[in-house]
Every structure is written in C-alpha cells, then in structure tokens.
Amino acid sequence: MANDEVREQRPSSAADADRSYPRFYAQALPASNIDQDVLLDLDPEEARHATRALRLEHDSPIELIDGSGRIARGRLQLAGKKAVSVAIEAVVVAPAPRPLITIASAIPKGSRAEDLIDLLVQTGADRLVPLDAERSVVHPAAGRSDRWHRRALAGLKQSRRVHGMGIDSPARPADLVSWSQPLRLFADTQPKVEAAIDESMQEAAEVAVAIGPEGGWSDAERVRLLDAGWQPWSLGATVMRVETAAATACAVIRYLTRP
C-alpha cells in the first residue's frame, strides 16, 4: 500500500526516495540485499507500455514490482526498438499490511465482475475467493481466472500497491465452515449489532468477510455460517450491489485498522 513503511536495503539519493516514478510489473525481482546493479529484461507488454505509451527514454528512472512487497528502483536500458531492460540499482521491501483481508464474494454479472476485482485491489484486499451461493446469478468457473488475474495486475500498478491480491478457485458457502481466521464476518442486512467487532479488528492478524449474492443468503446458508462461528456484520442501511458491498467492507476494515 502507499502508506506501507518501507525498509530500504541499498538506498539511492534522498531526492530519489521522495519521488514517484513510472511503475512496471516483473514476475520476479532480485533479493533485497543486492550489492551491484542487476540487469533485468522487461516483459514485452510492459516494454511496449514504457516506450510507446509513456515514451520513456534511455536511462529514465523507473520502478519495478512483483506483487510480493519488493520495489526495485532502476533505469531503463534501450537497445534497439524491442530490447528493453532495466538496470536495477536498489531494492526496497515493504511489510505486508495488517490485517490480511480475505473477501469471499458472490460474482456479479458481466463487466461488473472485473469492477469487483478492481475495487478490491484499490481498497486493499489480499485475497478474493469467488463464491457460488444458492442464490448466485453468476456461477464462477476457474476458466475465467486468467482474465481476472490480468485485471488484478492492472489494478496493482494503478493503485501503487506493492502486495498483489490473490484470486482463489471458486468456493461454496459450505466451504467457509472450515475457515479459521480469527475474525470471520458475513454481510447481513439484519444482523445483531456487535459493537465488539470494531475492537476485534484491531487485534486480528487476519479477517475474512463473506459477501452474498444480491438475492441474499438462503436461510440454510445463514444458519451454517452462524453455527461455524461467523458473525453477521451490517454495512449500512442501504442495499448495495455486490461489488460495492465487497469494496465497502474492505475499505472500512482498512480504515479502522490504519496505523
């Protein structure tokens, strides 16, 4: 996240530390204790974005992220029209945000599914589990995951996060019974109000939130979650779309647990 505390292993100048540079994705970055420049080739798609969309020139300062919390600072190296690499000068490491947030959510129709992913990346979710509930309109399938992962990656770069959001295989509400996060909440329009929930968030290392479909939870699903120790949680008096409820839940948790 933008407000993560960053520990720099090999610092550049003080002026560089305060500046925001164009950021690109790399599948894997070197360890944080590098003692000499490392040359890393940019992925072709990232290279095209750097040279054609942003029109960056040789030796332009940039940053690389790999979604693990590492940030590499370096300079663009251009050799011909297609050969694009980065001379990495330093690597910094950002600690993972706390608490870790897992959102198990029903999937909305059409392009709203990708909006859900984008909003969750922006608001700081660490993991999305597509949920196939009894009243779901969309029944998620693992085959869509490639497109969703690409959207999550785009959101990672846009939001300037350094820790990526994972997207798991689809699950059913019955699968949530075995989850063991210290704090497990499910969005409910008529919950018993628990003032202790906010306080529990301050202490939990991990929080899980289940967001049902727009048709709501079935009676059987609600009873199953309650019996498994999940707590009902109200996100307000209005009826929200799935993607709005999921993003709101994540944003509220990040706000209540901000450093």
Side-chain angles (χ1 to χ4, degrees), residues 1-7 32 65-71 92-107 115-131 148-149 151-153 155-171 173 175-188 191-212 217 224-236 240 242-259:
M1 301 293 290
N3 61 351
D4 281 345
E5 294 180 3
V6 177
R7 177 171 58 87
S32 59
I65 57 171
D66 62 4
S68 72
R70 290 191 178 109
I71 310 169
V92 299
V93 180
R98 289 292 183 271
L100 295 176
I101 301 175
T102 296
I103 302 291
S105 176
I107 301 300
D115 291 341
L116 166 69
I117 293 167
D118 188 54
L119 287 169
L120 285 178
V121 173
Q122 290 185 55
T123 52
D126 297 289
R127 176 179 166 223
L128 168 64
V129 179
L131 200 58
W148 290 352
H149 281 291
R151 186 59 182 265
L153 176 57
L156 175 68
K157 293 188 292 183
Q158 180 274 326
S159 64
R160 297 195 70 81
R161 286 179 57 170
V162 295
H163 293 88
M165 183 184 77
I167 302 176
D168 286 13
S169 298
D175 299 324
L176 307 186
V177 170
S178 61
W179 285 19
S180 58
Q181 286 87 346
L183 183 60
R184 289 161 292 154
L185 309 170
F186 68 95
D188 198 356
K192 177 183 177 182
V193 177
E194 293 286 352
I197 287 179
D198 291 357
E199 183 178 343
S200 298
M201 286 181 188
Q202 302 292 332
E203 301 174 357
E206 297 183 42
V207 177
V209 181
I211 307 292
W217 303 105
R224 184 179 289 118
L225 290 172
L226 288 169
D227 288 346
W230 287 72
Q231 299 181 60
W233 187 35
S234 174
L235 297 174
M240 301 180 185
V242 169
E243 64 272 29
T244 306
T248 298
C250 191
V252 167
I253 295 170
R254 286 286 176 232
Y255 176 78
L256 292 175
T257 59
R258 67 195 188 282

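Quick caveat: nothing in here was measured; it's all calculated off a predicted structure.
When side chains are defined from C-beta on, Arg161 counts as touching Val121, because their heavy atoms get closer than 4.5 Å. Considering only heavy atoms from C-beta on, Asp118 comes within 4.5 Å of Arg151 through its side chain. Gln231 is listed as a side-chain neighbour of Leu183, based on a closest heavy-atom distance under 4.5 Å. By the 4.5 Å heavy-atom criterion applied to side chains, Ser105 and Val242 are counted as neighbours.
Note: Leu119 CG to Ile103 CD1 = 11.5 Å, rounded to the nearest 0.5 Å. For the atom pair Ile167 CD1 and Leu153 CG, the distance stands at 10.5 Å (nearest 0.5 Å). To the nearest 0.5 Å, atom CD1 of residue Ile253 and atom OG1 of residue Thr123 are 9.5 Å apart. The CD atom of Glu206 sits 8.5 Å away from the CZ atom of Arg127 when rounded to the nearest 0.5 Å. Of the inter-residue distances, the one linking Ile211 atom CD1 with Ile107 atom CD1 reads 11.0 Å to the nearest 0.5 angstrom. Cys250 contributes atom SG, which lies 6.0 Å from atom CG of Leu120 (distance to the nearest 0.5 angstrom).
Looking only at atom types and distance, the side chain of Gln202 has no donor-acceptor partner in the side chain of Asp198 under 3.5 Å away.
Ala204 and Pro99 make their closest contact through O-CB, 3.2 Å (heavy atoms, listed as atom of the first residue, atom of the second, distance). Contact record, Ala152 with Met165: CB-O, 4.3 Å, taken as the closest heavy-atom pair. Between Ser68 and Asp66, the shortest heavy-atom distance links the atoms OG-OD1, 2.6 Å. Counting all heavy atoms, side chain and backbone alike, Leu176 lies closest to Ala210 at CD1-CB, 3.9 Å. When all heavy atoms of Leu116 and Ala246 are compared, the pair lying nearest together is CD1-CB, 3.6 Å. Between Ile101 and Gly124, the closest heavy-atom pair is CD1-O, 4.3 Å.
Using modelled atom types, one side-chain atom of Trp217 and one backbone atom of Ala187 make a donor-acceptor pair closer than 3.5 Å. When atom types are taken as modelled, the side chain of Arg254 and the backbone of Ala251 share no donor-acceptor pair closer than 3.5 angstrom.
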- Dump the intermediate steps for side-chain contact (heavy atoms from CB on, under 4.5 Å) on Met201 and Ile197, then the final yes or no. CA-CA 6 Å; Met201 286 181 188; Ile197 287 179; 3.8 Å; yes

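Exactly one of Val162, Asp126, Thr257 qualifies for a side chain to side chain contact (heavy atoms under 4.5 Å, CB included) with Pro97. That residue is Asp126.
Using a 30° and 60° split on the angle between ring planes, Trp179 and Trp230 fall in the tilted class, from 30° to 60°.
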